[in-house]
Participant: 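Starting off with a structure, shown below.
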Amino acid sequence: MKIYKVKVNGKVYEVELEAVSEAPGSISAPAANTAAAAPVTGGANSILAPIAGKVVDVKVNVGDMVKKGQTVAVIEAMKLENEIQSQFDGKVVEIKASKGAQVNNKDVLIVLG
């Protein structure tokens with residue numbers, strides 16, 4: 001068994017791993033696909049999902065003013081609720097994710113104007 005320290009969102013976790021089998025090999029990166037590699041954006045100030053999961057709550061409405069650092073949505077991933085904060089100040093012009101929806105990493109949740 002080997003013990004590793006892993007840092008996730010600023011919090012350090014100690015993880016214990018057991019080697020099941022070892023096989024020689026190499027890891028290679030897949031060929032770059034420029035169309036798939038481009039991040040999905042919905043505007044200059046889009047709030048993107050940092051993780052894949054289920055939208056548990058959307059805490060803003062169209063027309064609301066949002067401050068940087070304000071919680072705008074909650075996404076559940078692996079039975080943990082993650083508060084999603086705005087990286088920008090602005091007015092909510094569009095909400096692209098609804099409560100109960102499944103989202104992927106980098107999906108646009110909210111567009112600010």
Participant: Using atom types as modelled, flag every donor-acceptor pair under 3.5 Å from a side chain in residues 8-16 to any protein atom, sequence neighbours excluded.
Facilitator:
none

Participant: So, using side-chain contact (heavy atoms from CB on, under 4.5 Å) as the criterion, who are the partners of Asp64 when residues are at least two apart?
Facilitator: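 Asp64: side-chain contact (heavy atoms from CB on, under 4.5 Å) contacts with Val60, Asn61, Val92.
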Participant: Please round to the nearest 0.5 Å and tell me the distance separating atom OG of Ser46 and atom NZ of Lys106.
Facilitator: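 The OG atom of Ser46 sits 12.5 Å away from the NZ atom of Lys106.
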Participant: Can you check whether Ile75 reaches Val56 side chain to side chain, under 4.5 Å on heavy atoms?
Facilitator: no
Participant: Measure the CG-OG1 distance between Asn82 and Thr71 for me, rounded to the nearest 0.5 Å.
Facilitator: 11.0 Å
Participant: Provide the closest heavy-atom pair for Lys54 versus Gln102 in the form atom of the first, atom of the second, distance.
Facilitator: CB-NE2, 3.5 Å
Participant: Would you say Glu83 has more than 12 foreign heavy atoms packed within less than 6.0 Å of its CD?
Facilitator: no
Participant: Evaluate Val55 against Val103 for side chain to side chain contact (heavy atoms under 4.5 Å, CB included), listing each step before the verdict.
Facilitator: CA-CA 7 Å; Val55 177; Val103 294; 3.8 Å; yes
Participant: Verify the cluster assignment for Met65 and Leu109: are they in a single hydrophobic cluster under the rule of side-chain heavy atoms below 4.5 Å apart?
Facilitator: no
Participant: Decide side chain to side chain contact (heavy atoms under 4.5 Å, CB included) for Leu112 and Ser86; before the verdict, give the C-alpha distance in whole Å, the side-chain angles of both, and the deciding distance to 0.1 Å.
Facilitator: CA-CA 9 Å; Leu112 302 179; Ser86 175; 3.6 Å; yes
Participant: Minimum heavy-atom separation for Ala52 and Ala77, please, with both atom names.
Facilitator: O-CB, 3.4 Å
Participant: Which residue, Leu48, Val66, Val72, Asn45, forms the side chain to side chain contact (heavy atoms under 4.5 Å, CB included) with Ile110?
Facilitator: Val72
Participant: Quick one: list whatever passes side-chain contact (heavy atoms from CB on, under 4.5 Å) with Val93, sequence neighbours left out.
Facilitator: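 Applying side-chain contact (heavy atoms from CB on, under 4.5 Å) to Val93 gives Val111.
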Participant: Restricting to salt bridge (charged side-chain N to carboxylate O under 4.0 Å, His left out), what partner residues turn up for Asp57, sequence neighbours left out?
Facilitator: Lys59
Participant: Partners of Gln87 by side-chain contact (heavy atoms from CB on, under 4.5 Å), sequence neighbours excluded?
Facilitator: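 Ile47.
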Participant: Sequence neighbours excluded, which residues qualify as side-chain contact (heavy atoms from CB on, under 4.5 Å) partners of Ala73?
Facilitator: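 Once residues adjacent in sequence are excluded, the partners of Ala73 under the side-chain contact (heavy atoms from CB on, under 4.5 Å) criterion are Ile84.
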